[in-house]
Amino acid sequence: MLQSLQISNYALIDRVEIDFAPGLNIITGETGAGKSIMLGALSLILGERADTRVVADHGAKSIIEATFAVDRYPRLKQFCIDNDIEWDDAVCILRREISPAGRSRAFINDSPVTLTLLRGVAMQLVDIHSQHQNLLLARPDYQMQILDSLAGNDERLAVHLTNFNAYRKALKRLKATKMRIEQDRQNEEFTRYQLDQLEELALVAGEQEELENRREILANLTDLKTSLLSALDLLSDGRVNAIEQINDAIGSVNAISPILPAKATIPERLESLSIELSDIVDTLQSANEQLQADPAELEEIEQRLGLIYSMEHRHNVDTVEALIAIRDDLAGRLSQLDDSEDNLAALEKEARRARALARESAAAITAARVEAGRRLAERLKELASPLGMKNLQCEIQITPADLSATGADAVAFLFSFNKNQKPMPVGDTASGGEISRLMLCVKSIIASHMQLPSIIFDEIDTGVSGDVASRMGRMMLDLSANIQVTAITHLPQVAARGVSHFKVYKEDDEHSTHTRISRLDDDARVDEIAVMLSGSSVSPEARANALALLNNKSN
């Protein structure tokens, strides 16, 4: 529930702090005293757009902070955990700050958050219902939400959404495949021509690099031969060469072996060096024998590379491997084209199966909505009759519609308020007062199905009086047994039903006017309700009537 609300530097409010109680809280005050200002401040917690004009003192920020008790709301806890919002099992503190320059910041439990996240949390904590929201009752999407809430359709809707998304994906795959096959059929002749060219080329992975390396060798054969012969001359073929000099060194070292350290093994090391050089020479001589000029080979390489380069240019790639991939893709597309009828049949079967599952889950939702609609119509008539609508007829129409993410239904709430009147959409047949009373009935019905800590009614009882007003107050009191209810009202019959009573009023100092709010004690409450009854000064008769209302508030 809403435990406290703190507002500072907002419009006519320099600072107010309200501690709310469980059950039914009442807020009264003269027109223009500032009740709407308080609601405007609270709406910022719900993510409404900030207006810098509400910042009274441009030397400070405007701050609105609401504290909620949240020890019994697992859905809200999971929402916060899923969105990395710091969670406290006891309270959730929402705060909005507006700077004089217009910058707005949002916080949940003192951690900065986006306005979207603030709104997502706040909408699970408090519902502000004002007269202009009565028009919601005429909206099909809101009517659907009411039915789904009463039907407990959360799990069914989740299952259906999974099924519907699977159906959409299957349908998308089928359409894409049909389009691709149609395009491939139109291009089949050209595709086969391209594939024939690539297959005729008989490409081998890595051959381009090998051919380019071999061409480089053949093109630079003279220089390579010169370098190779020079190396052989230095190592073995020259008049003075490395192998002969090492062999001479071996003989000289053997002659002085008595003076050399035995561990040095110099003769053996020189012998190993001679053997290694001889092996190198053999390798170089073999390379020299193989390195022969062959103009025909060079021409063949140039021709092969020319064919490869031409094909790469045609397909806008630069490697043989890319050409091979294109060849395999073309072959696959032609193979699919050959098997297209079988592939399409399989995809069509998959789409039909997915559609059947979506239809099945939608049918379960429809059945639950139909039953919920029947119960809602009966209950609305029961609740509305004591509120001056004894001739109310309610018809909840659920008709087939296109399959969608929310099922396959179109919903319409139809009402008639007079005898012999055909039920019609609520916006076409009801007065403002009638819609207000209907909305109160709807809120009362769905309250037990909502995981919502608090609801605020902003003068929802406007346009009614007498016994009907008393019954509306009773309904709000009954509703407060399930969730915390705060009612802003001008009706003494409603105000007398409250557990806690707050008065909003204006107070002047020598510089400005300020909006204040105070919690009324028993005596002050009698006086306030007496003024609401008499409209002027508190007479003994008005006080007696006020006491009678308060003493009979449970009836």
Side-chain angles (χ1 to χ4, degrees), residues 73-85 114 116-117 119-121 123-124 139-187 325 328-329 331-376 396-412 446 449-451:
Y73 300 95
R75 185 186 302 173
L76 174 61
K77 178 178 181 179
Q78 191 59 50
F79 178 87
C80 291
I81 291 172
D82 291 343
N83 288 278
D84 295 325
I85 299 172
T114 64
T116 300
L117 280 180
R119 186 181 299 115
V121 170
M123 289 178 66
Q124 299 182 61
R139 285 174 42 181
D141 58 332
Y142 185 72
Q143 295 172 0
M144 188 82 78
Q145 289 176 24
I146 293 172
L147 288 183
D148 286 333
S149 176
L150 291 176
N153 270 341
D154 284 355
E155 186 174 342
R156 295 186 191 96
L157 284 167
V159 170
H160 174 70
L161 182 60
T162 299
N163 291 342
F164 180 72
N165 286 338
Y167 168 56
R168 289 183 62 189
K169 289 178 181 177
L171 203 60
K172 185 177 180 181
R173 284 194 297 269
L174 176 60
K175 290 180 179 179
T177 302
K178 282 183 176 179
M179 185 179 296
R180 188 181 68 250
I181 289 174
E182 183 61 30
Q183 291 175 343
D184 287 346
R185 279 178 178 160
Q186 293 175 0
N187 300 322
D328 294 344
D329 178 64
R333 285 161 59 184
L334 289 173
S335 176
Q336 285 184 352
L337 195 57
D338 294 337
D339 300 331
S340 60
E341 296 302 324
D342 292 339
N343 291 337
L344 283 178
L347 290 174
E348 286 173 350
K349 183 178 180 180
E350 180 184 349
R352 285 195 301 271
R353 184 169 57 249
R355 186 175 185 271
L357 287 173
R359 281 288 182 190
E360 182 180 341
S361 56
I365 293 171
T366 299
R369 284 172 178 164
V370 168
E371 174 59 23
R374 183 191 63 78
R375 296 197 312 269
L376 175 61
I396 310 296
Q397 284 189 351
I398 300 174
T399 54
D402 292 338
L403 192 65
S404 71
T406 58
D409 301 320
V411 174
I446 65 176
H449 299 269
M450 300 165 62
Q451 278 199 4

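Along the sequence shown, residues are numbered consecutively beginning with 1. Note that the structure is a prediction, hence the values are computed from the model and not measured.
Remark: the backbone N or O of Ala325 is not paired with any side-chain donor or acceptor of Asp329 at under 3.5 angstrom. A donor-acceptor contact shorter than 3.5 Å is absent between the side chain of Arg156 and the backbone of Asp148. Remark: side-chain polar atoms of Glu371 are not paired, donor with acceptor, to backbone N or O of Ala367 under 3.5 angstrom. For the pair Ser361 (side chain) and Ala358 (backbone), a donor-acceptor distance under 3.5 Å is present. The backbone N or O of Met144 sits nowhere less than 3.5 Å from a side-chain atom of Arg369 that would complete a donor-acceptor pair.
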- Query: Where do Arg75 and Asp154 land on the side chain to side chain contact (heavy atoms under 4.5 Å, CB included) test, with the steps shown first?
  - Reply: CA-CA 12 Å; Arg75 185 186 302 173; Asp154 284 355; 3.4 Å; yes
- Give the C-alpha distance, both sets of side-chain angles, the deciding distance and a yes or no for side chain to side chain contact (heavy atoms under 4.5 Å, CB included) between Lys349 and Arg352. CA-CA 5 Å; Lys349 183 178 180 180; Arg352 285 195 301 271; 3.9 Å; yes
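Counted by atom type alone, Gln78 and Asp82 present one or more donor-acceptor pairs between their side chains at under 3.5 Å. Judged by distance alone, the side chains of Thr116 and Thr114 never bring a donor and an acceptor atom under 3.5 Å apart.
For the pair His160 and Glu360, the minimum side-chain heavy-atom distance is 4.5 Å or more. Two residues are said to be in side-chain contact when any heavy atoms from C-beta on lie closer than 4.5 Å; Cys80 and Val121 meet this criterion. No side-chain heavy atom of Ile396 sits under 4.5 Å from any side-chain heavy atom of Arg374. A heavy-atom distance below 4.5 Å is not found between the side chains of Gln124 and Tyr73. The closest side-chain heavy-atom distance from Gln397 to Val411 is not below 4.5 Å.
Contact record, Ala372 with Leu147: CB-O, 3.8 Å, taken as the closest heavy-atom pair. Taking both residues in full, the closest heavy atoms of Thr177 and Leu347 are given as OG1-CD1, 3.2 Å, listed atom of the first, atom of the second, then distance.
Applying the side-chain hydrogen bond (donor to acceptor under 3.5 Å, both in side chains) criterion to Arg359, with sequence neighbours excluded, gives no partner residue. Under the side-chain contact (heavy atoms from CB on, under 4.5 Å) criterion, Glu182 pairs with Gln186, sequence neighbours left out.
The distance from the OG1 atom of Thr366 to the CG atom of Asp409 is 3.0 Å, given to the nearest 0.5 Å. Distance CD1/Ile85 to NZ/Lys77: 14.0 Å, rounded to 0.5 Å. In this structure, the separation between CD1 on Ile365 and CG on Asn153 is 5.5 Å, given to the nearest 0.5 Å.
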Would you give me the side-chain donor-acceptor pairs under 3.5 Å for residues 165-175, sequence neighbours excluded?
from: Asn165; atom 1: ND2; to: Leu161; atom 2: O; distance (Å): 3.3
from: Arg173; atom 1: NH2; to: Glu350; atom 2: OE2; distance (Å): 2.2

